[in-house]
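We name chains A, B, ... by the order of the sequence lines, and we start the count at 1 in each one. Just so it is clear, the structure is predicted and the values come from calculations on it, not from any experiment.
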There are 2 protein chains.
Amino acid sequence: MFDAVFKALAAPTRRQILDVLRDHPATTSDLCNRFPALDRCTVMQHLKVLADADLVIVQRKGRERWNHLNALPIKRIHDRWIGPYAAHAAEVIDKLDLALS
Amino acid sequence: MFDAVFKALAAPTRRQILDVLRDHPATTSDLCNRFPALDRCTVMQHLKVLADADLVIVQRKGRERWNHLNALPIKRIHDRWIGPYAAHAAEVIDKLDLALS
DNA sequence: ATAACATGTTATATTTATATAACATGTCAA
DNA sequence: TTGACATGTTATATAAATATAACATGTTAT
């Protein structure tokens, strides 16, 4: 269910792309300028992975392709997946506190 | 910084292992019984990735190896990484509400 | 002591992800 | 309309993740 999103977030380059898009949408060549170490094809492949995970929404405008961040899948993981783990961490810390007192 | 954790969470099998460990610690053979489709070596490799990301803490007891969940790295991602994205999602929704009213 | 058990180690096959190269299409602006 | 630009497509090389196999060590219970 969250698999595509987790996989998309696994690569540091893709998280960096999301960081850039959080500030404002960007065209693909904007992104290529931001990541001069990467080939344009590499950037596009990463964008495809992000778009497949619905983390990036693409809007074509003339000859430009505007890439927009969609943070909802991340919020969804936050709401439905992380909760129980955060609770587990809190529980362990509580037990530790209790043991120390 | 969070890279090892994100990478560790990327594989569905590893997330399933964490789900099991959230209920209670388990020995490696417990886990192998829970995942009969996987070879024991595969389970151990996944545990190594999880342990390297500090998501699993290993405690040796005699001939058994007890694997404990450590949810703190997940809580850390929650606290320091997800926040800005959740804010972005909320902001977009607010703008949408405003546009509709 | 010894057989069954639980785990550890090393090597390797298979699959998947990452990064480029080469070429193609569509768009804008002078 | 034509040259520069932005993007798309297909193929391929390289690196990394995933899954097993074969063998080894240490531990427990009888």
>> Please report the distance, rounded to the nearest Å, between CZ in A:Arg40 and C1' in C:dA21.
In response: 11 Å

> Which atom names give the shortest non-hydrogen contact between B:Pro25 and B:His68, and what distance separates them?
Replying inline: CG-ND1, 3.3 Å

> 5'-most contact on DNA chain D: B:Arg63 or A:Glu64, nearest heavy atom basis?
Replying inline: A:Glu64

> What's the closest nucleotide to the B:Ser29 side chain, out of D:dA19, C:dT7, D:dT9?
Replying inline: C:dT7

> Can you tell me the Watson-Crick or wobble partner of C:dA17, both distances under 3.5 angstrom?
Replying inline: D:dT14

>> In this structure, how many angstroms lie between the C1' atom of D:dA6 and the CD atom of A:Gln59, rounded?
In response: 16 Å

> Under the 3.5 Å rule, do the base of C:dG8 and the side chain of B:Arg60 count as making a donor-acceptor pair?
Replying inline: no

>> If I take atom CE in residue B:Met44 and atom P in nucleotide C:dA11, what distance separates them, rounded to the nearest angstrom?
In response: 16 Å

>> What contact category does B:Thr42 fall into here, base, sugar-phosphate, or nothing, at under 4.0 angstrom with non-hydrogen atoms?
In response: base

>> Whether B:Arg76 engages the ring of B:Phe2 as a cation-pi pair (distance to the six-membered ring centre under 6.0 angstrom, angle to the ring normal within 45°) should be assessed.
In response: no

> For D:dG8, which nucleotide in any strand shown is its Watson-Crick or wobble partner with both distances under 3.5 Å?
Replying inline: C:dC23

> If you look at every strand shown and take non-hydrogen atoms under 4.0 Å, does B:Ala10 touch a base, only sugar-phosphate, or nothing?
Replying inline: nothing

>> Please report the distance, rounded to the nearest Å, between CG in B:Asn67 and C1' in C:dG8.
In response: 13 Å

>> Do B:His46 and B:Arg14 pair up side chain to side chain, a donor and an acceptor below 3.5 Å, judged on atom types alone?
In response: yes

> Taking 4.0 angstrom as the limit, do B:Arg15 and B:Asp19 come out as a salt bridge?
Replying inline: no

> What's the CD1-C1' distance between B:Ile17 and D:dA19, to the nearest Å?
Replying inline: 13 Å

> Relative to the 5' end of DNA chain C, which residue comes earlier, B:Arg65 or A:Asp39, by the nucleotide with the nearest heavy atom?
Replying inline: B:Arg65

>> Between A:Lys7 and A:Thr27, which residue's closest nucleotide on DNA chain D lies nearer the 5′ terminus?
In response: A:Thr27

> Below 4.0 angstrom, N of the basic side chain to O of the carboxylate: do A:Lys48 and A:Asp52 qualify?
Replying inline: yes

> Tell me: CZ of A:Phe35 to P of C:dT18, nearest whole Å?
Replying inline: 14 Å

>> Can you measure A:Gln45 atom CD to C:dA17 atom P for me and round it to whole angstrom units?
In response: 11 Å

